[in-house]
Amino acid sequence: MSPMESEFERFRKATAQSGDTPLNPGPAPLLPSEAPAETVAPSSARLSSIATLTPTDLLARQSFVMENLGIRQTSTVLEYVYPEEYPCIESVVAGYKPNKANLLLCSPKRPSLNVLDLLTHAFGTQEMALEVIIPFLQNTPARNRTALRPDYLREFPVEALPDVARKVVHKLVEIHGVDSQLAASLVLAVASAASGKGLATRTVNGLIAYANLFIVGAGRSGSGKSIIANPFIKILSAFQAHLKGVRKKREAAVKARLNAIERQLEALESVQPTETDNHLPRLPIL
Amino acid sequence: MLEAAILQSQLGEPRILVDDVTSEKFADLAGKNNGTMASISSDARSAIKNLKGRYRGGDSTDEDILLKGYSVEPIIQDRISRDSVETVACFSICWLTQPDNLRGLYGKEALTDSGLLCRFLPFTIQSRRPPAGYEEVEFPTEIWSPFQARIWELLEIYHQHTGHPHLISATPAARKIIIGYDQWIRDRIEDGELEWIETFAVRLAEQAWRIALVLHALEHGKRAHQHSLEEHNAAAAVSIVRWFFSQIQLLFGEVANSKGNDKLATARDFVRNRREGIIPYDLFRAHQRHFQDAADARATLLTLAEEGAIEVRGNNEKLRFYPRAVPRG
């Protein structure tokens, strides 16, 4: 298990115990202190010390980040932190003509939000946000920023999948060297298909959501689409074959029952009406 | 008679999976299979062509049945030439294709306007698969078997379930996460930040509910209906939806870019064979699908002129564009 992975797991457990949520982080995230100190992954002591800062301290650090990066808007921090994620930003600007800050996923215009809140909204968990902020707080030279960027932020958040699915994705990525989003999307798709319309949850205003998803992915030839998709498709095909087998076994019994029903209907039709059936007055012939 | 109808439906061949299928056949198969179908394809070029209206006239697209299948709504079809279909459709889709095909799909405005593309979660694969090593590698059974068994039990318990679905409730903390996320998105839309991609953004919370349910099913398997939807799956679903949303934004950038390139190429070709020169209105009139108005055509022509691909003459009020003269000698 990678250091990043274990951090995520610990965060998940910690929030589960404390009742805090990623969107409503409590005053002090409970991160245990056994994480190994590395240059890329920040030490948990460092994480804790930053996470427990008061809003005033955080605002001070926000100013620190902005001054160090020479930027003027809070919302631009994301782009600065993560420029490679928006390779086509110029074309988006050309196509839609909003200002650049508007293109970012999470760029609240409210000045009351600090950088930590901003990045927490952007990456889903406070821990991920801290991972991104810390290299800047450590006064990292610009040339090293790309190296410090954790790769898992660029890729599909595989750690968000349940154990049974996460292991499959990790192994497929390891064996075939494919992008994790390909394997992860297929895991979601096949589980979605398997849940059918038998499982649902009440969302808001009495509405119901089912587990069915529509996913579409694109990759050039040779990106491993077929190699990864086929085992998942095989599970569904095997179940389809199983259903065929079951139906074939029952076929004779079903046909026999249908014949019996047909005979009963024919028998009913052949019965002549008796006098007792003629209790309704006959309609006059016009 | 009712018993006979049920028995008749049990005589057909059971199907849960389709690939290249017309919408009519899709409806027919769904009608014979409890309404629940999946389309998972590693090469979905045909499926996407069908959706873009391969069997329809003109510019018509063919998404109605998919819209119903996504929202789990009734399909009622009566045709003279085939049996009637009456079912509540529930479709799952995972289509893999080439990047040009995906861009083409997202460039089809009718599919965005109808709301179908807003229901899709798109992604792109960046890297190529590295060359295989010499050693023999097998996928470990201890990892694949539990997953396969989990999917199998979901198929048996939930896919084959008839009647009302098992309704599971979400814990207050889980609700707070997804509803909070929805509110956050709506604030961004009101602020104008996500206005340009609003039709996609408003669907994100719904997508998060669905993904949370999938994660819940994967975690609990056949006992999923006995547990509440928990906070960690809601948080995980939100982080997954965020990731897909970033993909949507990237994709729209690419589509905008390729549309821009199409415009340039169209304008260049149009001017190339007209030695007498053209005015922007000529270009707009000839290619109304590419240009919004004459001003749009004019801007494209000026871009080409700046690049030196064509020549521009006249004053600012009356510009005329010519093919680039070949320099002498």
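To find a chain, count down the sequence lines: A is the first, B the second, and so on, and within it residues start at 1. Reckoned from all heavy atoms, side chains included, excluding hydrogens, waters and symmetry mates. None of these values were measured; they are calculated from a predicted model.
Both the backbone and the side chain of B:Phe91 come within contact range of chain A, with heavy atoms under 4.5 Å apart. Heavy-atom distances place the side chain of B:Ile179, and not its backbone, under 4.5 Å from chain A. Interface remark: B:Val88 contributes backbone and side-chain atoms alike to the contact with chain A (heavy atom separation under 4.5 Å). Contacts between B:Ile185 and chain A at a heavy-atom distance below 4.5 Å are absent for every atom of the residue. Using a 4.5 Å cut-off between heavy atoms, B:Arg15 contacts chain A through both its backbone and its side chain. Neither the backbone nor the side chain of B:Asp43 comes within contact range of chain A; no heavy atom of the residue lies under 4.5 Å from a heavy atom of that chain. For a residue to count as touching a neighbouring chain, one of its non-hydrogen atoms must lie under 4.5 Å from one of that chain's; by this rule B:Ile157 does not touch chain A. Residue B:Glu206: no heavy atom, backbone or side chain, is found under 4.5 Å from chain A. Contact annotation for A:Ile228: neither backbone nor side-chain heavy atoms come within less than 4.5 Å of a heavy atom of chain B. At a 4.5 Å heavy-atom cutoff, the contact between B:Glu138 and chain A is made by backbone atoms alone.
Among A:Ala165, A:Gly217, A:Pro231, the residue making the largest number of heavy-atom pairs under 4.5 Å with chain B is A:Gly217. Residue with the most contacts toward chain B among A:Val164, A:Leu207, A:Asn230: A:Val164 (heavy-atom pairs, distance under 4.5 Å). Chain B forms more heavy-atom pairs under 4.5 Å with one residue of A:Ala193, A:Ala200, A:Ala209, A:Ala229 than with any other, namely A:Ala200. Of the listed residues (A:Lys167, A:Lys248, A:Arg202), the greatest number of heavy-atom pairs within a distance under 4.5 Å of chain B belongs to A:Arg202.
In terms of the ring-ring contact (aromatic ring centres under 6.0 Å, His included) criterion, residue partners of B:His161 (sequence neighbours excluded) are, by chain and number, B:His166.
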>> Pair B:Leu105, B:Phe120 - check side chain to side chain contact (heavy atoms under 4.5 Å, CB included), show working.
In response: CA-CA 11 Å; B:Leu105 187 66; B:Phe120 268 93; 5.7 Å; no
>> If you apply the rule side chain to side chain contact (heavy atoms under 4.5 Å, CB included), what do you find for B:Leu215 with A:Leu161, and how did you get there?
In response: CA-CA 7 Å; B:Leu215 298 177; A:Leu161 296 172; 3.7 Å; yes
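Between B:Trp144 and B:Phe139, the angle of the ring planes goes over 60°, which puts this pair in the perpendicular group of the 30/60° scheme. B:Tyr181 and B:Trp184 have parallel rings, their planes meeting at less than 30° on a 0 to 90° scale where 60° marks the start of perpendicular.
Panel note: side chain A:Arg250, backbone A:Gly245; no donor-acceptor pair is recorded below 3.5 Å. In this structure, A:Asn212 contributes its side chain and B:Gly69 its backbone to a donor-acceptor pair below 3.5 Å. At distances below 3.5 Å, at least one donor-acceptor pair connects side-chain atoms of A:Ser192 with backbone N or O atoms of A:Ala211.
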Just list the side-chain donor-acceptor pairs under 3.5 Å for residues 233-242 of chain A, sequence neighbours left out, or say none.
| residue | atom | partner | partner atom | Å |
| --- | --- | --- | --- | --- |
| A:Ser237 | OG | A:Ile233 | O | 3.0 |
| A:Gln240 | OE1 | B:Ile16 | N | 2.8 |
| A:Gln240 | OE1 | B:Leu17 | N | 2.9 |

